Each structure stands twice: as C-alpha cells, then as structure tokens.
Amino acid sequence: MANYRLLVMPSAAKEIEKVGSKNDRRRIVQKIGSLAAEPRPSGAEKLAGYDDRYRMRQGSYRIAYLIDDARLEVTIYKVGHRKDVYR
C-alpha cells in the first residue's frame, strides 16, 4: 500500500497545542503519524453522513480527518476532547 501524505489544518495544529498534557500531545502526534501508512486502521470509524471523513480515538481525545484516495492525502481537520470535538 502506498504511503499517504499527511496534511494538518492550522486550526487542528492549534487544537493539538492546547491539549492538556505533554504525554497526550505526544500520543496524538504518533497516532496521526501512523495514518500515513494506514489511513483506515482498526478502531477508526466513518462519520455518519460523509463518504470520506473518519475519526480515531486517542484516550479521551478524538482525531477527525478526511481521506482523499485519488491524491493519496489524509487531512487532519479537528482534534479535541471527546466532549467538545463534535460541536
């Protein structure tokens, strides 16, 4: 399988910086990095109402992203605590 290019929206980068602890930030960044090799890992769930949007769990945080198979890109557009991320 080809490696996907990772794109992080500036708003998502700011949300990652706001995550509480350094360990949580590190785990989130590692999880995002793993999406380049496998954009649809086990545990990733497709968001209702969309064909190309998914979410992944990392502890109490959620990473929302979209996959463009034609361009081999994964775009991270939202990162946040599970209570706030879908608002």
Side-chain angles (χ1 to χ4, degrees):
M1 180 176 227
N3 276 345
Y4 282 66
R5 191 169 77 153
L6 291 175
L7 303 172
V8 180
M9 300 292 290
S11 59
K14 287 181 183 178
E15 291 167 349
I16 292 170
E17 291 173 5
K18 291 180 183 177
V19 169
S21 75
K22 188 174 183 177
N23 284 334
D24 286 336
R25 282 192 300 273
R26 183 178 44 80
R27 284 190 215 109
I28 288 170
V29 170
Q30 286 176 342
K31 189 75 99 164
I32 289 172
S34 71
L35 291 174
E38 179 56 52
R40 294 175 184 91
S42 64
E45 293 188 26
K46 194 172 192 181
L47 293 179
Y50 298 99
D51 291 333
D52 59 350
R53 295 181 185 230
Y54 293 82
R55 73 158 172 93
M56 264 186 0
R57 291 175 49 187
Q58 177 52 56
S60 296
Y61 294 90
R62 301 296 180 262
I63 303 164
Y65 61 99
L66 59 93
I67 301 172
D68 185 350
D69 288 316
R71 297 172 62 187
L72 294 177
E73 290 181 345
V74 174
T75 304
I76 311 301
Y77 66 90
K78 186 86 172 155
V79 176
H81 194 275
R82 65 188 181 98
K83 69 178 180 180
D84 300 322
V85 77
Y86 302 113
R87 293 183 186 170

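Fair warning: this is a prediction, and the values are worked out from it, not measured in the lab. Heavy-atom basis, side chains included; hydrogens, waters and symmetry copies ignored.
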Nearest 0.5 Å, what's the [atom1]-[atom2] distance between [X] and [Y]?
{"X": "Asp52", "Y": "Lys46", "atom1": "CG", "atom2": "NZ", "result": "8.5 Å"}
{"X": "Leu7", "Y": "Leu66", "atom1": "CG", "atom2": "CG", "result": "9.0 Å"}
{"X": "Lys78", "Y": "Met9", "atom1": "NZ", "atom2": "CE", "result": "11.5 Å"}
{"X": "Met56", "Y": "Ser34", "atom1": "CE", "atom2": "OG", "result": "5.0 Å"}
{"X": "Arg62", "Y": "Leu47", "atom1": "CZ", "atom2": "CG", "result": "11.5 Å"}
{"X": "Leu35", "Y": "Asn3", "atom1": "CG", "atom2": "CG", "result": "11.5 Å"}

- Query: Is the number of heavy atoms from other residues, nucleotides or ligands under 6.0 Å of Asn23 CG greater than 12?
  - Reply: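 Count over threshold, so yes.
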- So with a 6.0 Å cut-off around CZ of Arg71, is the heavy-atom count from everything else above 12?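 No.
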- Message: So which atom in Glu73 and which in Tyr4 form the shortest heavy-atom distance, rounded to 0.1 Å?
- Response: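 Nearest heavy atoms, Glu73 then Tyr4: N-CD2, 3.5 Å.
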- Task: Mind listing the closest non-hydrogen atom pair of Val19 and Arg25 along with its distance?
- Result: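 Reported closest heavy-atom pair: O-NH1, 2.7 Å.
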- Pro39 backbone acceptor or donor facing Tyr65 side chain under 3.5 Å: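 Judged by distance alone, yes, a pair lies under 3.5 Å.
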- Are the side chain of Glu15 and the backbone of Val79 linked by a donor-acceptor contact shorter than 3.5 Å?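 Side chain of Glu15 to backbone of Val79: a pair is present.
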- Ile63 side chain reached by Tyr54 side chain, heavy atoms, under 4.5 Å: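 A side-chain contact is absent here, since even the closest heavy-atom pair is not under 4.5 Å.
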- Mind checking whether Tyr61 and His81 have parallel, tilted or perpendicular rings, split at 30° and 60°?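 Answer is perpendicular, since the angle exceeds 60°.
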- Task: Please list, chain by chain and in numerical order, all residues satisfying side chain to side chain donor-acceptor pair (under 3.5 Å) with Asp24, sequence neighbours excluded.
- Result: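 Scan of Asp24 (side chain to side chain donor-acceptor pair (under 3.5 Å), adjacent residues dropped) gives Ser21, Arg27.
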